[in-house]
Protein chains: 2
Amino acid sequence: MSDLLERLRGRGWRVTSQRRVVAEVLDGDHVHLTADEVHARAVRRLPEISRATVYNTLGEMVSLGEVLEVSTDGRAKRYDPNAHRPHQHLVCSGCGTIRDVHTTGDPLSHLPAAERYGFTVSAAEITYRGLCPSCA
Amino acid sequence: MSDLLERLRGRGWRVTSQRRVVAEVLDGDHVHLTADEVHARAVRRLPEISRATVYNTLGEMVSLGEVLEVSTDGRAKRYDPNAHRPHQHLVCSGCGTIRDVHTTGDPLSHLPAAERYGFTVSAAEITYRGLCPSCA
DNA sequence: TTAGTTGCAAAGGCTTTGCACGCGC
DNA sequence: GCGCGTGCAAAGCCTTTGCAACTAA
């Protein structure tokens with residue numbers, strides 16, 4: 001059911017009903033919810049869950065590297081559960097929808113040594129922007 | 001002096017002392033200030049300038065496509081005056097410093113048609129993450 | 001048992017807005 | 001003079017924090 005929850009449990013994470021619900025809400029492909037959306041969906045299953053707990057839980061999942069934080073628009077951050085599947089994002093400039101996409105080649109190889117300025121580069125994120133079929 | 005201001009003036013933008021100061025503060029290479037930093041520097045030259053005006057002005061420059069908004073960390077947005085020079089960003093995970101870098105090839109060519117899901121893709125942004133020499 | 005987790009409510013950072021005054025054109 | 005731009009202060013959105021009560025292991 002929830003791969004995410006399994007991985008977290010395997011790391012000795014204390015599993016509470018709140019955390020289970022947050023993991024379940026987040027799990028799946030092409031899921032990019034804001035903290036508030038996660039809270040709204042979590043409340044349907046667990047009415048008493050608080051916003052603070054949702055924020056804490058999401059923050060921990062990010063620290064553990066099991067969830068990615070994506071800020072594509074400067075507004076609320078979105079959370080992406082596919083931290084272990086390399087992918088990029090295609091964002092609609094109209095409605096803000098995010099789609100996971102896969103590119104050819106490794107972005108890191110396109111950054112010449114002369115352009116690294118002594119940095120130890122460890123990751124590369126690509127955000128493609130455009131209009132989705134509905135907004136075009 | 002200020003290429004940015006010249007371009008804006010050329011578009012029939014009404015030039016006030018506040019707008020001139022914001023443009024001057026922003027102009028240059030490797031400049032990635034937050035709205036608040038822009039305000040702080042603007043105040044040195046024009047003590048009465050308000051934060052609201054700085055925000056309004058930056059927002060307009062972004063709408064006009066003369067300045068880019070970069071949100072690399074989910075915190076305050078940063079403003080990049082090099083909107084007309086294609087480049088990518090190298091961000092230090094330690095101190096948040098941003099460096100402009102140039103990659104080889106066009107990122108758009110790495111997104112296969114099958115991965116576009118009907119979107120009209122118009123731009124691609126790459127953010128490289130790592131540690132700068134001081135933070136490493 | 002007991003250290004880690006939760007909920008509440010308040011505070012905090014960043015940004016936007018409403019409205020009256022002021023100024024570029 | 002007209003209309004856009006500005007400043008102020010207040011409100012807004014998103015997020016974090018302090019602390020007492022609670023609960024998984």
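So you know, we letter chains A, B, ... as the sequences are listed, proteins then strands, and number each from 1.
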Original post:
Would you say A:Leu68 and A:Asn82 make side-chain contact, with heavy atoms under 4.5 Å?
Top reply: no
**OP:** Do nucleotides 19-25 of chain D as a string where each nucleotide becomes B, S or -: B if the base has a protein heavy atom under 4.0 Å, S if just the sugar-phosphate does, - if no protein is that close.
**Re:** ----BBS
Subject >> Close residues, residues 55-69 of chain B, relative to DNA chain C [heavy-atom separation under 4.0 Å] >> reply: B:Tyr55, B:Asn56
Original post:
Going by number, which of residues 35-46 of chain A have a non-hydrogen atom under 4.0 Å from DNA chain C?
Top reply: none
**OP:** For B:Ser50 and for B:Arg75, find the nucleotide of DNA chain D with the closest heavy atom, then tell me which residue's nucleotide is more 5'.
**Re:** B:Ser50
Just jot down the salt bridge (Lys or Arg N to Asp or Glu O under 4.0 Å) partners of [X], sequence neighbours excluded, or say none.
X: A:Arg19; answer: A:Glu60
X: A:Arg44; answer: none
X: B:Arg41; answer: none

Would you be so kind as to tabulate the donor-acceptor pairs closer than 3.5 Å made by side chains of residues 105-112 of chain A, with sequence neighbours excluded?
| residue | atom | partner | partner atom | Å |
| --- | --- | --- | --- | --- |
| A:Asp106 | OD1 | A:Leu108 | N | 3.1 |
| A:Ser109 | OG | A:Asp106 | O | 2.6 |
| A:His110 | NE2 | B:His110 | NE2 | 3.3 |

**OP:** Specify the closest pair of heavy atoms between B:Cys92 and B:Cys135, including all atoms of both residues, with the distance to one decimal.
**Re:** SG-SG, 3.7 Å
**OP:** Remember a base hit wins even if backbone is also touched, and classify B:Ala52 as base, sugar-phosphate or nothing at under 4.0 Å, heavy atoms.
**Re:** base
**OP:** Applying side chain to side chain contact (heavy atoms under 4.5 Å, CB included), name anything that partners B:Val21, two or more places apart in sequence or on another chain.
**Re:** B:Val25, B:Ala42, B:Arg45, B:Leu46
Original post:
side chain to side chain contact (heavy atoms under 4.5 Å, CB included) with B:Glu66: which residues, sequence neighbours excluded?
Top reply: B:Leu4, B:Arg7, B:Leu8, B:Arg11, B:Leu64, B:His84
Original post:
According to a strict under-4.0 Å criterion, is B:Arg19 in side-chain N/O contact with OP1 or OP2 of D:dT6?
Top reply: yes
Subject >> Any B:Thr53 side-chain N or O less than 4.0 Å from OP1/OP2 of D:dG5 >> reply: no
**OP:** Give me the bend of the helix from C:dT1-D:dA25 to C:dC25-D:dG1, using the axes of the five pairs at each end, rounded to 10°.
**Re:** 40°
Subject >> Non-neighbouring partners of B:His89 that pass ring-ring contact (aromatic ring centres under 6.0 Å, His included), sequence neighbours left out >> reply: B:His32, B:His87
Original post:
Whole-Å distance between D:dG7 P and B:Arg51 CZ?
Top reply: 12 Å
**OP:** Please determine if B:Asp36 and B:Arg51 form a salt bridge, counting it only when a charged side-chain N lies under 4.0 Å from a carboxylate O.
**Re:** yes
Original post:
Do B:Glu115 and A:Arg99 meet the salt-bridge criterion of a basic N to acidic O distance under 4.0 Å?
Top reply: no
**OP:** Give the cluster check for A:Val67 versus A:Ile49: same hydrophobic cluster or not, with ILVMFWY residues linked at side-chain heavy-atom distances below 4.5 Å.
**Re:** yes
**OP:** Walk along DNA chain C from 5' to 3' and tell me the first and last nucleotide with an atom closer than 4.0 Å to a non-hydrogen atom of chain B.
**Re:** C:dC14 to C:dC25
